Amino acid sequence: MYDFEYHKPSSIADAVKLLAADPEAKAISGGMTLLPALKHRLNKPSYVVDLSGIAELQGVRKEGGNIVIGALTRHYEIATHPQILAAIPALARMASTIGDTQVRNRGTLGGSMANNDPAADYPAAALALGATIITDRRSIPADAFFLGMFTTALEPDELVTAVSFPVPEKAGYAKMRNPASRYSMTGVFVAKGPSGVRVGVNGAGPCAFRQQEMEAALTANWSPDAVAKVKQAPDELNSDIHGSAEYRASLVTVMARRAVADAG
Amino acid sequence: MPQVTLTVNGKSHTVDVEGRTLLVELLREKLRLTGTHVGCDTSQCGACVVHMGGDSVKACTILAVQCEGAEIATIEGLAAADGTLHPMQEAFREYHALQCGFCTPGMVMSAIDLVKKHPSGLSEQEIRDGLEGNICRCTGYHNIVKAIAAAAEVMNGKRSELARAAE
């Protein structure tokens with residue numbers, strides 16, 4: 001790992017000022033992705049700006065029909081938080097499947113959203129639940145946030161401060177894990193919420209996406225059988241040593257069926 | 001050079017580090033606590049697991065500077081001053097839950113966090129799932145699972161499902 005200057009600001013404003021001062025600066029929260037990348041010398045940041053001391057990024061609260069989760073909330077907290085378990089149990093269950101216990105004890109919601117790893121779990125949930133990503137300067141609907149592989153709508157110095165999830169009537173999640181890395185080969189999050197039925201897919205393509213044919217099928221008939229007949233086209237899906245695009249396409253249908261069964 | 005003040009096994013230390021110094025490097029190289037091992041150095045194997053504020057974490061994937069003010073517990077801090085082993089260490093000894101022993105410190109630290117977070121008991125499946133972040137290359141998992149089930153009984157003052165099934 002190359003050395004860097006370490007900063008630990010105590011306010012969002014100070015963190016943004018540091019990030020804006022140098023394009024090579026990087027924000028860190030749990031560090032579950034950034035530190036492995038730094039060890040491989042894939043990044044050479046000038047500053048590492050530790051967000052963990054910023055109280056404004058903490059906390060889980062109910063705001064009307066939404067659960068608003070602070071960016072620094074760790075996966076373990078999301079998996080076990082009574083308010084989240086009561087309002088969006090599928091989101092808590094999903095968080096309990098991220099990485100391993102030690103990763104869940106460190107990794108954060110905001111970090112995962114901002115990183116937008118193709119195999120990350122939260123982007124599919126954010127798309128399916130119709131979440132809004134709240135930053136230090138604006139609110140971005142999930143549909144406009146995830147732009148491509150490791151790419152989001154965030155400006156280089158912009159910070160995710162919280163994510164607001166509308167409480168759905170029903171939601172479910174299922175994924176096929178790579179047997180070695182345990183990352184999602186394909187995961188599907190389904191939700192019936194205030195903005196209708198939405199289906200988010202992760203792991204299959206370079207970026208999480210919505211499966212609109214499945215949304216239409218589930219709108220007409222909310223049942224596992226309704227999505228079992230919908231085929232995902234393999235075009236533009238990932239193909240690698242772990243599975244072909246055609247295999248991942250078939251997994252989209254299988255995981256969607258299981259996710260609807262999970263939602264009940 | 002940055003400085004970090006943290007508590008390790010109940011004792012406060014103030015140490016000069018680099019920004020890039022990892023917690024595991026601080027423990028092993030600065031404090032000479034070499035019971036915490038480095039296996040993969042890529043946050044997969046769990047040989048470096050320690051507790052930070054009571055939660056199990058991988059010390060190879062935390063910067064030392066991120067531990068300012070933190071309470072760290074390592075394998076060296078588990079046994080009592082008179083050498084009496086922690087119930088988890090005792091169970092690992094009793095059930096021969098190790099072969100080469102390299103993964104053992106991380107296994108023990110993960111197992112203690114797992115038991116503490118399941119005060120009403122642990123099923124065999126929960127133990128196996130809870131060890132997802134710890135790899136044993138001697139393929140010794142079976143006795144590790146038995147040891148954790150036995151230690152959970154002692155730590156929680158209850159008998160686990162697995163121990164009941166074994167009787």
Side-chain angles (χ1 to χ4, degrees), chain A residues 1-10 24-54 72 74-77 79-80 93 96-108 111 177-183, chain B residues 1-4 17-25 36 38 40-70 106-107 109-118 122 126-135 148:
Chain A
M1 202 188 310
Y2 297 111
D3 203 16
F4 46 76
E5 246 181 68
Y6 173 81
H7 293 272
K8 191 174 179 182
S10 53
E24 298 300 314
K26 285 274 177 198
I28 192 169
S29 51
M32 293 296 97
T33 299
L34 182 62
L35 288 174
L38 293 184
K39 285 184 180 187
H40 283 114
R41 297 189 170 178
L42 295 173
N43 278 125
K44 193 180 176 184
S46 48
Y47 306 154
V48 166
V49 181
D50 186 350
L51 307 178
S52 66
I54 304 176
L72 285 181
R74 301 187 193 283
H75 311 322
Y76 175 78
E77 296 173 81
T80 56
R93 279 201 303 280
S96 77
T97 69
I98 298 171
D100 55 43
T101 304
Q102 291 73 36
V103 167
R104 292 193 289 277
N105 281 340
R106 292 291 297 163
T108 64
R177 299 182 195 208
N178 178 301
S181 73
R182 312 297 285 158
Y183 277 104
Chain B
M1 185 171 262
Q3 218 176 40
V4 59
V17 293
E18 290 184 297
R20 63 179 167 179
T21 303
L22 299 168
L23 172 59
V24 73
E25 293 169 340
T36 302
V38 179
C40 68
D41 202 13
T42 55
S43 56
Q44 297 178 66
C45 81
C48 66
V49 170
V50 300
H51 294 176
M52 183 172 179
D55 294 327
S56 60
V57 296
K58 288 180 173 169
C60 79
T61 312
I62 297 179
L63 298 172
V65 285
Q66 289 180 290
C67 301
E68 176 65 37
M107 286 282 180
M109 298 310 284
S110 289
I112 291 172
D113 184 28
L114 180 67
V115 171
K116 284 189 177 162
K117 290 195 174 134
H118 293 81
L122 274 162
E126 284 172 320
I127 294 172
R128 290 184 183 275
D129 289 346
L131 292 180
E132 185 165 2
N134 292 79
I135 295 174
I148 295 171

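Below, read A as the first sequence line, B as the second, and so on, with proteins coming before strands; counting in each chain starts at 1. All figures in this text were calculated on a predicted structure; none of them were measured in a lab. Keep in mind that the numbers below use all heavy atoms, side chains included, and drop hydrogens, waters and symmetry copies.
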Query raised in the report: Can you say whether B:Ile62 sits under 4.5 Å from chain A via the side chain, the backbone, both, or neither, judging by heavy atoms?
Result: both
Query raised in the report: Contact part of B:Val49 toward chain A, heavy-atom cut-off under 4.5 Å: side chain, backbone, both or neither?
Result: side chain
Query - Stepwise side-chain contact (heavy atoms from CB on, under 4.5 Å) check, A:Arg74 with B:Asp55 - result: CA-CA 12 Å; A:Arg74 301 187 193 283; B:Asp55 294 327; over 6 Å; no
Would you call [X] and [Y] a side-chain contact if the rule is heavy atoms closer than 4.5 Å?
| X | Y | value |
| --- | --- | --- |
| A:Thr80 | B:Lys117 | no |
| A:Leu35 | B:Lys58 | no |
| B:Arg20 | A:Leu38 | no |

Query raised in the report: Under a 4.5 Å heavy-atom cutoff, which of B:Thr21, B:Leu63, B:Thr42 has the most pairs with chain A?
Result: B:Leu63
Query raised in the report: Out of B:Val57, B:Asp129, B:Leu114, which one racks up the most heavy-atom pairs below 4.5 Å with chain A?
Result: B:Val57
Requested in this report: Could you tell me whether A:Lys8 and B:Glu68 make a salt bridge, using a distance below 4.0 angstrom between a side-chain N and a carboxylate O?
Outcome: no
Report summary line: side chain to side chain donor-acceptor pair (under 3.5 Å) pairs touching residues 28-41 of chain A, sequence neighbours excluded, are A:Ser29-A:Thr108, A:Lys39-B:Asp41
Query raised in the report: Within a reach of under 6.0 Å around OH of A:Tyr6, are more than 12 heavy atoms found that belong to other residues, nucleotides or ligands?
Result: yes
Report summary line: Cut-off 4.5 Å, heavy atoms of chain B, and the answer for A:Tyr2 is backbone
**Report entry** Interface moiety of A:Asp3 toward chain B, non-hydrogen atoms closer than 4.5 Å
**Finding:** both
Query raised in the report: For chain B, which residues of residues 99-106 of chain A have at least one non-hydrogen atom nearer than 4.5 Å to it?
Result: A:Gly99, A:Asp100, A:Thr101, A:Gln102, A:Asn105, A:Arg106
